[in-house]
Every structure is written in structure tokens, then in C-alpha cells.
Amino acid sequence: MNTLLAFYHQLLACYGPQGWWPLLDPPGESPSQSGSRGVYHPGNYDLPATPGQRFEICLGAILTQNTAWRSVEKALINLQQMKALRPEGLEAIDESLLKEAIRPSGYFNQKAKKIRTFARFFLALEERTPSREELLALWGIGPETADSMLLYAFKVPTFVVDAYTRRVLIAAGWIGGTESYDAIKSMFENQLPRDLALFQEYHALLVEHAKNLRGSRQE
DNA sequence: AACCAGGACGTGA
DNA sequence: TCACGTCATGGT
């Protein structure tokens, strides 16, 4: 039997579809209605539906590096209000305004440079799907950010590994903890059917489960 | 009041 | 290659 696939079904039965990646204003809801908060879309694996939503997910992937999502939402909303949640707007915005907008998400000096670098790259793409190597070559985009963009923004079935993933696997006794990013990524990709919805949902479920593990311990 | 949050880069060994 | 310091704000 397949341990990782069986575990996925357990998690799904326990928590249900998570609806990643959250968007500020998905189709069907006005921005004011979303109450300035990311909207999840459980069971819908067709998003993003527009280049704008795709770009929003990519920026979120950068801004959430070692940062709580709640802080990222503030930054995304600020950018949206400054009309800089588009690559053209980002290219035009003043440096100090940009940093002020993303300040709540932390590391604002580095992240300002990162999202500017990415905005230029995104424009040059012209709707094409980038390769993992192209993304990794950009300053500020490491393995997890690249995989998050590919999986949730560009709909490429590649598995995302993060701190939560490691925590769950360690708690289950399936890894020691010193394994490399790519080693853990390969574990999943070698044992699971390469399916977009499965990969998207699995990572989201691992995050939810890891948060529950932490919550049961203390806090 | 330390500690962590949906990491990545620069450096030295 | 790899361990370690740095980056920064916000919530618990």
C-alpha cells in the first residue's frame, strides 16, 4: 500500500478541502464584500482564472517567506489600494511607497527588491509558464517559493515542501529531519500520482494538520 | 517576554 | 556542500 496516499485520504477526511491559494477578491465577490481578507475556495481547483490573480498569488508566495499569512494579507491589500498589485503598477511605484506598503509582512527591504525583480520577470513571460530553473535563477526565489508559484499560480503539478511538511513527517516518524528539500519533495512525487488537485490539496492539508499539532501541545 | 511565522541569501569552513 | 548569521514586523 501507499503510505503517503493513504495519509492524504485520512487528512482529507479529517479536515476537508482547504481551498488554497487564498485570493483577495475571487470571482463572484466584490472587494468590499471580502472584508479585506483572503478568500479560500474549497473544492475549486480552477483558480487563478486571470493573469491578475496569478500575479497576486506569486507576490503572496514571496511576501509569505518566513511570515504569517495574516501579515501578508495586509501587505497585499496595501498594494492593491496603491494599484501596485499588478506588474505594471509595481514597476511604476515609488521605492519608499512600496516598502511602506509591504512593511507589515516584514523583511521589507529584501522583499521590495524581490517583488520588483519578479514583476519584471512576470511581464517578460507574457502568459508563458516559467520553468522551475527560471524561477530559481531569480534573486529572492528559492525552492519553496518557486514550487508554490508553479503549483498554485501556474497550475503545474509539482510538490511544495515547507516547515509544516517537515514537522508533520517528523511527527509521523517518516523522516529524521535532516533530509534536503529536494529529497522530501521527491518522496511525495515518487509515491503519488502527478495530479494538480491532489498536490494542491495535500500541501494545504499538511499545513492545517501541522497547525493542529502545534495547537494541541500548548498555546 | 521569548518565540515563531506557509524562507532565502551571503559567508566561511 | 553545509552550518550559521542576517533580514523585520506582528501576534502569542
Side-chain angles (χ1 to χ4, degrees), chain A residues 11 15 17-24 36-42 47-48 56-79 95-119 121 130 132-154 158-171 175-185 188 199-219:
Chain A
L11 291 175
Y15 300 109
Q18 298 299 300
W20 277 40
W21 188 284
L23 290 163
L24 252 39
S36 67
R37 163 179 302 189
V39 176
Y40 293 80
H41 42 89
L47 300 176
E56 176 187 328
I57 292 174
C58 291
L59 280 200
I62 292 173
L63 291 172
T64 198
Q65 291 172 359
N66 200 37
T67 301
W69 182 253
R70 136 179 26 213
S71 299
V72 175
E73 287 180 335
K74 297 177 186 172
L76 288 176
I77 290 165
N78 288 341
L79 288 173
E95 182 74 7
S96 58
L97 271 181
L98 173 57
K99 291 183 178 178
E100 180 185 341
I102 67 174
R103 178 178 295 273
S105 70
Y107 308 110
F108 57 87
N109 289 305
Q110 292 188 345
K111 284 177 179 175
K113 180 181 175 184
K114 291 177 182 181
I115 64 180
R116 264 203 218 268
T117 299
F118 181 78
F121 173 79
R132 190 170 192 262
E133 289 68 31
E134 280 181 288
L135 291 172
L136 290 176
L138 297 175
W139 189 88
I141 298 188
E144 185 189 335
T145 307
D147 287 335
S148 294
M149 288 182 180
L150 289 170
L151 180 62
Y152 291 107
F154 294 99
T158 191
F159 208 89
V160 176
V161 176
D162 65 354
Y164 289 146
T165 310
R166 287 178 182 277
R167 234 168 277 163
V168 172
L169 293 187
I170 291 173
I175 64 172
T178 61
E179 291 80 0
S180 70
Y181 181 97
D182 289 327
I184 298 175
K185 177 183 177 67
F188 286 93
F199 282 15
Q200 287 188 347
E201 196 62 68
Y202 206 154
H203 178 252
L205 286 167
L206 286 170
V207 171
E208 181 58 28
H209 184 56
K211 286 179 176 175
N212 279 32
L213 288 180
R214 181 168 55 86
S216 65
R217 223 169 283 159
Q218 51 193 10
E219 182 181 2

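All figures in this text were calculated on a predicted structure; none of them were measured in a lab. By convention in this document, chain letters (A, B, ...) are assigned in the order of the sequence lines, proteins followed by strands, and residues within each chain are numbered from 1.
- Atoms OH (A/Y181) and C1' (B/dA8) sit 12 Å apart, rounded to a whole Å.
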Nucleotide N/O to protein N/O under 3.5 Å, stretch nucleotides 8-11 of chain C:
| residue | atom | partner | partner atom | Å |
| --- | --- | --- | --- | --- |
| C/dA8 | OP1 | A/N109 | N | 2.9 |
| C/dA8 | OP1 | A/Q110 | N | 3.1 |
| C/dA8 | OP2 | A/N109 | ND2 | 3.0 |
| C/dA8 | O4' | A/Y107 | N | 2.9 |
| C/dA8 | N6 | A/Y107 | OH | 2.2 |
| C/dA8 | N1 | A/Y107 | OH | 2.9 |
| C/dT9 | OP1 | A/R103 | NH1 | 3.2 |
| C/dG11 | OP1 | A/K74 | NZ | 2.8 |

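- A donor-acceptor pair under 3.5 Å links the side-chain atoms of A/Q200 to the main chain of A/L151, judged by distance alone.
- Look at CD on A/Q65: it is 15 Å from P on B/dA5, rounded to the nearest Å.
- In this structure, the side chain to side chain contact (heavy atoms under 4.5 Å, CB included) partners of A/R132, at least two apart in sequence or on a different chain, are A/L136, A/P143, A/D147, A/L150, A/Y181, A/D182, A/K185.
- Between A/D182 atom CG and C/dC2 atom C1' there is a gap of 15 Å when expressed in whole angstrom units.
- Look at CZ on A/R166: it is 11 Å from C1' on B/dG7, rounded to the nearest Å.
- A close approach under 4.0 Å does occur between a side-chain nitrogen or oxygen of A/R167 and OP1 or OP2 of B/dA5.
- Taking the six-membered ring for Trp, A/F199 and A/F188 have ring centres at least 6.0 Å apart.
- Among residues two or more places apart in sequence or in another chain, the ring-ring contact (aromatic ring centres under 6.0 Å, His included) test is passed with A/Y152 by A/W20, A/W21.
- Remark: P of C/dC7 and CD1 of A/I102 are 16 Å apart, rounded to the nearest angstrom.
- Partners of A/K113 under the side chain to side chain donor-acceptor pair (under 3.5 Å) rule, at least two apart in sequence or in another chain, do not exist in this structure.
- A side-chain donor-acceptor contact under 3.5 Å links A/T67 and A/K111.
- At distances below 3.5 Å, at least one donor-acceptor pair connects side-chain atoms of A/Q65 with backbone N or O atoms of A/G140.
- Comparing A/Y152 and A/K113 along DNA chain B, the residue whose closest nucleotide (by nearest heavy atom) sits nearer the 5' end is A/Y152.
- Judged by distance alone, the side chain of A/E208 and the main-chain N or O of A/L206 form no donor-acceptor pair under 3.5 Å.
- Using atom P as the reference point in both B/dT11 and C/dA8, the two lie 16 Å apart (nearest Å).
- If you check residues 133-151 of chain A against DNA chain B, the residues with a heavy atom closer than 4.0 Å are A/L138, A/W139, A/G140, A/I141, A/G142, A/P143, A/E144, A/T145, listed by number.
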Please set out all donor-acceptor pairs under 3.5 angstrom arising from side-chain atoms of residues 101-108 of chain A, sequence neighbours excluded.
| residue | atom | partner | partner atom | Å |
| --- | --- | --- | --- | --- |
| A/S105 | OG | A/I102 | O | 2.8 |
| A/Y107 | OH | A/N66 | ND2 | 2.8 |

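- Look at the P atom in both B/dC3 and C/dG5: the space between them is 15 Å, to the nearest Å.
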